[in-house]
There are 2 protein chains.
Amino acid sequence: MIAEEEKLKRARDEFVAQWGALGTQWGINRTMAQIHALLMTAPQPLTTDDVMEELEISRGNAHTNLKELVAWGLIRPVVKKGERREFFEAEKDVWLIFTIVARERKRREIEPALAILSKCAGESEGIQTPEGKVFHDQMRALEDFVGFASKMSDRIASMKHGFAIQLATKLLG
Amino acid sequence: MIAEEEKLKRARDEFVAQWGALGTQWGINRTMAQIHALLMTAPQPLTTDDVMEELEISRGNAHTNLKELVAWGLIRPVVKKGERREFFEAEKDVWLIFTIVARERKRREIEPALAILSKCAGESEGIQTPEGKVFHDQMRALEDFVGFASKMSDRIASMKHGFAIQLATKLLG
DNA sequence: TCACAATTTCAGCAAATACTGAAAATTCAA
DNA sequence: TTGAATTTTCAGTATTTGCTGAAATTGTGA
């Protein structure tokens, strides 16, 4: 039934478009999120040209964002024998996707925060004025909390899929 | 000792500047993050003019971002008797700050994602082609996972400070 | 070694986002 | 009321971020 293919194409296009829009909120650029969506739902690995055509973007843009996705570990290059061009396929396991994104966010958001907090807590150590104490205590409180969050994030991200879900389900039960 | 005040001022200025830079990573604009940092470490509530002066920004900018922070619930207006102007003070409890930010991020990042995934999963339901099944399964897998994360987030954010930490510590132990 | 295919880089341009400054609206005391 | 203090809005501008398209580089088979 041809209508089904049409239906699928429409659903998939919508997913790609919307996922791209969402990327913006997540601090990921739109194109990168769109390419990721495209590859996550592609039955076969795609080339740079496939991506350019499907999303109507330039070669430079496609190239840059494909490389960025590879750097994140969300997609990987695939070699096909007899083919000179590079193909790409996405990691599809949701738990793996989650751990990759979590790791990256930790690196970009949590670790720099921790560095700042430690530094400021250190610099304000031992200041005797009331304002100094308030500042120092606030820095320490933030540092402790963020450090704690950081450890949690590591622990969870290093768990096996099934275990994490099981554990969480128990928590929620 | 005057040197201590100088030391504190420097540490605080650094915190404000760096926290602002970090805000960018978090999808929060720099000024908003700076104002938040300023108020979190202020011993007293501040006026719009205090903020303008301290950060060297325009009235419009200060105003807009103060209102935005109030909307988030990260700061609150304070009335001082005999004073016509509005003062602002920040929530300083780290657990409360965390729950507020978590709630906001869930609203902006998780809920829209869930909406898209449900829609696309629904639209691809029952398509008989192999590609259709692959797409539908991927949508469902993502939907399940994101929905699960959403519930977790709610549960944790609604916990009391002490309880959450205690629980997490047990998990990590 | 050459010719061609494919990848990579990047200067210039475009779009999105944030900020200023001043005018308009609001609030309040007299 | 009136007018001074304060808050709010927003058109215009600046800054940041992302994209294009073409040139430079790299890789490959003959």
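On a predicted model such as this, the values are computed, not experimentally measured, just so you know. Numbers restart at 1 for each chain; the letters A, B, ... are given by sequence-line order, proteins then strands.
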Can you check the [X] [atom1] to [N] [atom2] distance for me, whole Å?
X        : N       : atom1 : atom2 : result
Lys80(B) : dT6(D)  : NZ    : P     : 14 Å
Glu83(B) : dA5(D)  : CD    : C1'   : 12 Å
Glu56(A) : dC19(D) : CD    : C1'   : 14 Å
Leu66(A) : dA6(C)  : CG    : P     : 16 Å
Met52(B) : dT7(D)  : CE    : C1'   : 12 Å
Glu86(B) : dA5(D)  : CD    : C1'   : 14 Å

Legend entry - Shortest non-hydrogen contact between Cys120(B) and Ala11(A), atoms and distance: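 So the two residues come closest at SG-O, 3.7 Å.
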
Inset, instruction - Determine, step by step, whether Glu111(A) and Arg105(A) satisfy the salt bridge (charged side-chain N to carboxylate O under 4.0 Å, His left out) criterion, reporting the C-alpha distance in whole Å, the side-chain angles of both residues, the deciding distance to 0.1 Å, and the verdict. - result: CA-CA 9 Å; Glu111(A) 281 167 12; Arg105(A) 291 195 118 180; over 6 Å; no

Inset, instruction - Please report the C-alpha distance between Met40(B) and Leu142(A) in whole Å, then the side-chain angles of each, then the deciding distance to 0.1 Å, and finally whether the side chain to side chain contact (heavy atoms under 4.5 Å, CB included) criterion is met. - result: CA-CA 11 Å; Met40(B) 264 201 306; Leu142(A) 284 165; 4.1 Å; yes

Hey, are the side chains of [X] and [Y] touching, using non-hydrogen atoms and a 4.5 Å cut-off?
X        : Y        : answer
Glu68(B) : Ile35(B) : no
Thr31(A) : Ile57(A) : yes
Phe88(B) : Val70(B) : yes

Legend entry - Donor + acceptor pair across side chains of Asp50(B), Thr47(B) (<3.5 Å):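 Yes, Thr47(B) and Asp50(B) have a side-chain donor paired with an acceptor closer than 3.5 Å.
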
Inset, instruction - Using only side-chain N and O atoms of His63(B), determine if any of them is under 4.0 Å from OP1 or OP2 of dT8(D). - result: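 The answer is yes; a side-chain N or O of His63(B) sits under 4.0 Å from OP1 or OP2.
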
Inset, instruction - Not counting sequence neighbours, which residues clear side-chain hydrogen bond (donor to acceptor under 3.5 Å, both in side chains) with Arg12(A)? List them please. - result: Thr41(A)

Inset, instruction - Produce a footprint string for nucleotides 14-19 of chain C: one letter per nucleotide, 5' end first; B if the base is under 4.0 Å from any protein heavy atom, S if only the sugar-phosphate is, - if neither. - result: ---SSS

Inset, instruction - At under 4.0 Å between heavy atoms, which parts of nucleotides 23-30 of chain C does protein reach? Answer with one letter per nucleotide, 5' to 3': B base, S sugar-phosphate only, - none. - result: ----BB--

